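Quick notes on the structure that follows.
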Amino acid sequence: MMVVVYATLIIKGKKTIEDVPSVIEQQVKDVLIDMELPELAE
């Protein structure tokens, strides 16, 4: 659930991938890549 929340916040520009806790960082990156937004996963 938090993975989707963080991905949404990154898409909206409220957070960056650096703000994501390391425990779920890879999962958030995977979601962003699946949504065809790999540039936000960098």
Side-chain angles (χ1 to χ4, degrees):
M1 185 63 165
M2 288 305 296
V3 171
V4 175
V5 172
Y6 271 103
T8 302
L9 290 171
I10 291 169
I11 292 167
K12 290 185 174 193
K14 304 287 184 185
K15 298 276 185 190
T16 65
I17 197 67
E18 288 82 23
D19 298 321
V20 177
S22 59
V23 176
I24 61 170
E25 184 176 344
Q26 187 58 52
Q27 291 172 294
V28 173
K29 286 181 178 182
D30 292 342
V31 168
L32 292 169
I33 291 168
D34 287 345
M35 296 179 75
E36 298 182 4
L37 298 166
E39 66 277 3
L40 296 178
E42 297 175 358

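Because the structure is a prediction, the values reported are computed rather than measured. Quick note: numbers below take in every heavy atom, side chains included, and nothing from hydrogens, waters or symmetry partners.
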Flag yes if L40 and M35 sit in one hydrophobic cluster, no otherwise; membership is Ile, Leu, Val, Met, Phe, Trp, Tyr, and two members link when side-chain heavy atoms are under 4.5 Å apart.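 Yes, L40 connects to M35 through the hydrophobic network.
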
Side-chain donor/acceptor pairs under 3.5 Å, residues 1-20, sequence neighbours excluded:
unit_1: T8; atom_1: OG1; unit_2: V4; atom_2: O; d: 2.8
unit_1: T16; atom_1: OG1; unit_2: E18; atom_2: N; d: 3.4
unit_1: T16; atom_1: OG1; unit_2: E18; atom_2: OE1; d: 2.9
unit_1: T16; atom_1: OG1; unit_2: D19; atom_2: OD2; d: 3.4
unit_1: D19; atom_1: OD2; unit_2: T16; atom_2: N; d: 2.8

Selection residues 30-42 - residue pairs positive for side chain to side chain donor-acceptor pair (under 3.5 Å), sequence neighbours left out: Q26-D30

Set of residues satisfying side-chain hydrogen bond (donor to acceptor under 3.5 Å, both in side chains) with respect to E25, sequence neighbours excluded: K29

